[in-house]
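Sequential numbering from 1 along the given sequence is applied to the chain's residues.
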Amino acid sequence: MENSTTIQEILQQLKSLSLEQQRQVLDFILELSAEPPKQYPGKNLLQLVGTISKEDLEIMKQTIEEGCEQIDESEW
């Protein structure tokens with residue numbers, strides 16, 4: 001279903017935008033019209049419980065702590 005008045009107003013406003021802004025509008029439209037990602041019930045994840053070894057979990061934990069929990073004050 002299309003509302004020609006709305007479409008005409010969108011086109012009129014679109015023409016007044018810069019090329020970069022028009023591309024942003026296009027990206028937004030494409031995002032709106034994309035199919036939503038498939039969702040899976042949480043119960044489907046239960047089959048994965050315990051599949052990561054304790055050693056791997058510890059490595060992941062250490063990596064996160066070392067790489068993500070630090071502040072580089074000179075970066076800003």
| If you measure from CD1 on Ile59 to OG on Ser53, what distance do you get to the nearest 0.5 Å? |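 The CD1 atom of Ile59 sits 7.0 Å away from the OG atom of Ser53.
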| message | So, taking the atom named CZ in Arg23 and the one named CG in Leu17, what distance separates them when rounded to the nearest 0.5 Å? | response | 13.0 Å
| Fellow cluster residues of Leu32, listed by chain then number, with links counted only when side-chain atoms sit under 4.5 Å apart | Phe28
| Hydrophobic cluster (4.5 angstrom, side-chain heavy atoms) - remaining members for Leu30 | Leu26
| said: If you compare all heavy atoms of Gln47 against all heavy atoms of Thr51, which two are closest, and at what distance to 0.1 Å? | reply: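 Taking Gln47 first and Thr51 second, the nearest heavy atoms are O-CG2, 3.9 Å.
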Can you tell me if [X] has over 12 outside heavy atoms packed within less than 6.0 Å of its [atom1]?
X     : atom1 : answer
Gln12 : CD    : no
Gln21 : CD    : yes
Glu31 : CD    : no

| query | Quick one: does Leu19's side chain get under 4.5 Å of Gln22's, heavy atoms only? | reply | yes
| message | For residues Ile29 and Leu14: do they belong to one hydrophobic cluster (side chain heavy atoms under 4.5 Å, members Ile, Leu, Val, Met, Phe, Trp, Tyr)? | response | yes
| said: Has Glu66 got a side-chain atom pairing as donor or acceptor with Thr63's backbone, closer than 3.5 angstrom? | reply: no
